[in-house]
Structures are given as structure tokens and as C-alpha cells.
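Below: the structure, in C-alpha cells.
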Amino acid sequence: MTAITPLLTDLDEAQVRVDLAAAFRLAARFDLHESVANHFSAAVSSDGKQFLCNPKWRHFGLVRASELVLLDADDPSTMDRPDAPDPSAWCIHGAVHSRIPTARAVLHCHPPYASALIGLGDPTIPPLDQATARFWGRTVYDMEMAGPPDDPAEGIRVAEALSGYSVMMMGNHGVTVVGESVAHAFEELYYLERACRTTVLALSTGRRLRPMSDELANSVARMWERFTDQGVAHFNELKAVLDCEDPTYRD
Ligand SMILES: [Zn+2]
């Protein structure tokens, strides 16, 4: 279980657009995306029901701030709009934002190492190092996928299972992370894929794992809670890299 700091103010939409567009560009750079599917979203209203999402079938590496689609979870005509999102975006992200207003950013994707791990009989991330221990005791492993992600009932089920957590490993599907800001959620996703990579690489040696004791893993996981500012700093540095190399995400 994690404590997500409530931040129920109306956020500056322009800034949220820039940060979310940066998250898409960075996800493409880190190979966290898959095809033109997968979705990231960020709330712009205090109740979370108005949120930004990527345009349907836009490559993550090309997303611009101005083209993010503003959606309202309470608007049943959304899927009739000419700029209607992908149905799975509407079902999953609409359900999470409307049920968990503290989840200001919701990032869902199918990154390679996490996707490999969640297909195993035991998909848990063992506390092998500091990055893997970050997720010890604070990750929900949802192994009950009941239908395709464009089924509204699946969106509601996922939102309910995610409640109280910020990291979900979704069996036979992918990962979803939430955060109090785009920066916080992106840092979670960044470390989650690194932790899964370390786990898969360690397992691939065929040698016996040597995980931390539960007590040590717990203390390391708690340590990470004191490093939330580092996550914001990392995201700002990553945006600075984008600004040097291709600042068009801000457009
Ligand atoms: Zn998915």
C-alpha cells in the first residue's frame, strides 16, 4: 500500500499538457511503448473526471502538447466524437480517473521486461537491489484479467483493484502506474521497467537468486518514499534533454 498525496486542485492545463507530452516522448525513447497502442492520461480537474489522453493511434514519439485530447469521464457521447479516443483508453483511464481522483496521472503500457515478467507463473519482483526493492510490498499483482481492455466492466474492475496502490502489474496484459503528477508517475514507470529488467536478467542466468530479507526490503522500500523530489528532478532533467534535442513536444 502506498500513500498518494491528495492534490485535488485544478491544475494548469497548459503545464499538464507539456508534461504529459514529454512523458510520451520519453516513453518512446526508453522503449516503453508498443505500436501506436497504449495510453497515458492526466487529470486537469480536481475531481479527476476531466483528463487529457493521447490522440488515437498517434506514435508516442510524435505527441505534441496541443494535440492531447481533453475527455470527460461523465460524458457518454465521448466515443461518438470525431476525435474519439481508442476504446481501451476510455474504458480503463476513464474508470481510474473517476474512481481515484488522487491519481492525477495514469500511465498504462506494455513495456518489454514487465510484460515478460507478468506472463510467468510467479510474476513478483524480488528485492534484488534498490530498484527492485522500491516495489516491495507496494505493488498490486492483478492476475484476474476478465476480458479485453475495451470492455467497460474490465475498466471498473481494474480501477477497483488499483485503489490504494500506485503500481499495478497486470497479469497477461501490462502495467499501470499512477501518481500525484506526471513526473511522479513517470518516475514510477521508469523504475518499474528497470526493476523488471533486472529481475528477468537475473532469472535468465539460471543461478539461484539472493533476494534481501523482508525486513531489509521493507526498509529500502520506505527509503524510496523520501526520494520523491528526486523523481521530479529526474523528470525535469529528462525534459531538458528533450529541449536540447527536439523541443516540439511543447507545441
Ligand atoms: Zn494494455
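Computed from heavy atoms alone, side chains included, the values below leave out hydrogens, waters and symmetry copies.
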Pair [X] + [Y]: basic N to acidic O under 4.0 Å:
{"X": "E154", "Y": "R157", "result": "yes"}
{"X": "D83", "Y": "R81", "result": "yes"}
{"X": "D72", "Y": "K49", "result": "no"}
{"X": "E13", "Y": "R17", "result": "yes"}

**Prompt:** With distance as the sole criterion, is a donor-acceptor pair present between the side chains of H97 and S41 under 3.5 Å?
**Reply:**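 Result is yes, a qualifying pair exists.
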
**Prompt:** Are the aromatic rings of F135 and W224 close, with centres under 6.0 Å apart?
**Reply:** no

**Item:** Derivation of the side chain to side chain contact (heavy atoms under 4.5 Å, CB included) call for F60 and N38
**Value:** CA-CA 9 Å; F60 276 24; N38 296 171; 3.8 Å; yes

Side-chain heavy atoms nearer than 4.5 Å, only ILVMFWY residues, links allowed to pass through others: does that put [X] and [Y] together?
{"X": "V241", "Y": "L32", "answer": "no"}
{"X": "L203", "Y": "L201", "answer": "no"}
{"X": "I156", "Y": "V106", "answer": "no"}
{"X": "L189", "Y": "L242", "answer": "yes"}
{"X": "V96", "Y": "V140", "answer": "yes"}

**Message:** Checking one residue: V36. Which other hydrophobic residues are in its cluster under the side-chain 4.5 Å linking rule?
**Reply:** W57

**Prompt:** For F51, which fellow cluster members are found when Ile, Leu, Val, Met, Phe, Trp and Tyr are connected by side-chain heavy-atom distances below 4.5 angstrom, either directly or through intermediates?
**Reply:** V69, L71, M79, W90

Closest approach of [X] to [Y] (non-hydrogen atoms, all atoms of both residues):
{"X": "A23", "Y": "V182", "answer": "CB-CG1, 3.9 Å"}
{"X": "T132", "Y": "P126", "answer": "CB-O, 3.2 Å"}
{"X": "P101", "Y": "D47", "answer": "CB-O, 3.5 Å"}
{"X": "G179", "Y": "A185", "answer": "N-CB, 3.8 Å"}
{"X": "M169", "Y": "P123", "answer": "CE-O, 4.1 Å"}
{"X": "A159", "Y": "R99", "answer": "CB-CD, 3.8 Å"}

To the nearest 0.5 Å, what is the distance between [atom1] on [X] and [atom2] on [Y]?
{"X": "K56", "Y": "S88", "atom1": "NZ", "atom2": "OG", "value": "9.5 Å"}
{"X": "T228", "Y": "R226", "atom1": "OG1", "atom2": "CZ", "value": "11.0 Å"}
{"X": "L162", "Y": "D142", "atom1": "CG", "atom2": "CG", "value": "9.0 Å"}
{"X": "I92", "Y": "C53", "atom1": "CD1", "atom2": "SG", "value": "11.5 Å"}
{"X": "L68", "Y": "S66", "atom1": "CG", "atom2": "OG", "value": "8.0 Å"}
{"X": "R138", "Y": "R222", "atom1": "CZ", "atom2": "CZ", "value": "7.5 Å"}

**Request:** Could you name each residue pair satisfying salt bridge (Lys or Arg N to Asp or Glu O under 4.0 Å) that touches residues 113-131, not counting sequence neighbours?
**Result:** none

**Item:** Qualifying salt bridge (Lys or Arg N to Asp or Glu O under 4.0 Å) pairs with a residue from residues 26-41, counting only residues at least two apart or across chains
**Value:**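 Residue pairs passing salt bridge (Lys or Arg N to Asp or Glu O under 4.0 Å), neighbours aside: R29-E245.
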
**Message:** One pair to check against side chain to side chain contact (heavy atoms under 4.5 Å, CB included): V220 and W136. What are the steps and the verdict?
**Reply:** CA-CA 9 Å; V220 174; W136 182 253; over 6 Å; no

**Item:** Neighbour count above 12 (heavy atom, 6.0 Å) for R194 CZ
**Value:**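 Count not over threshold, so no.
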
**Asked** Does the E180 side chain pair with the main chain of T102, one donor and one acceptor, at a distance under 3.5 Å?
**Response** no

**Message:** Donor-acceptor pair, distance only, cut-off 3.5 Å: does the side chain of T205 make one with the backbone of A202?
**Reply:** yes

**Asked** Are M168 and T139 close enough, and set up right, to give a side chain to side chain contact (heavy atoms under 4.5 Å, CB included), and what steps lead you there?
**Response** CA-CA 6 Å; M168 174 183 270; T139 300; over 6 Å; no

Who are the ring pair (Phe, Tyr, Trp, His ring centres under 6.0 Å) partners of [X], not counting sequence neighbours?
{"X": "Y190", "value": "F30, H234"}
{"X": "F235", "value": "F186"}
{"X": "H110", "value": "H108, H173"}
{"X": "Y113", "value": "none"}

Answer yes or no: is there a side-chain heavy-atom contact under 4.5 Å between [X] and [Y]?
{"X": "L52", "Y": "V44", "value": "yes"}
{"X": "V178", "Y": "I100", "value": "no"}
{"X": "D243", "Y": "R250", "value": "yes"}
{"X": "Q230", "Y": "E187", "value": "yes"}

**Message:** Is the ring pair F24/F40 parallel, tilted or perpendicular, if the boundaries are 30 and 60 degrees?
**Reply:** parallel

**Request:** Decide yes or no on side chain to side chain contact (heavy atoms under 4.5 Å, CB included) for T176 and L107, but give the supporting numbers first.
**Result:** CA-CA 6 Å; T176 296; L107 311 184; over 6 Å; no

**side chain to side chain donor-acceptor pair (under 3.5 Å) assessment of E188 paired with S166** = CA-CA 8 Å; E188 199 85 278; S166 57; 3.1 Å; yes

**Prompt:** Residues two or more places apart in sequence or in another chain: which of them pass side-chain hydrogen bond (donor to acceptor under 3.5 Å, both in side chains) with D19?
**Reply:**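 For D19, the residues satisfying side-chain hydrogen bond (donor to acceptor under 3.5 Å, both in side chains) (neighbours in sequence not counted) are Q15, K239.
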
**Item:** Residues forming a side-chain hydrogen bond (donor to acceptor under 3.5 Å, both in side chains) with D251, sequence neighbours excluded
**Value:** R64

**Message:** Under the rule for salt bridge (charged side-chain N to carboxylate O under 4.0 Å, His left out), what residues qualify as partners of E67, not counting sequence neighbours?
**Reply:**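 For E67, the residues satisfying salt bridge (charged side-chain N to carboxylate O under 4.0 Å, His left out) (neighbours in sequence not counted) are R58.
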
Donor-acceptor list for residues 207-219 side chains, cut-off 3.5 Å, not counting sequence neighbours:
{"from": "S213", "atom 1": "OG", "to": "L216", "atom 2": "N", "distance (Å)": "3.1"}
{"from": "N218", "atom 1": "ND2", "to": "D214", "atom 2": "O", "distance (Å)": "3.1"}
{"from": "S219", "atom 1": "OG", "to": "L216", "atom 2": "O", "distance (Å)": "2.7"}

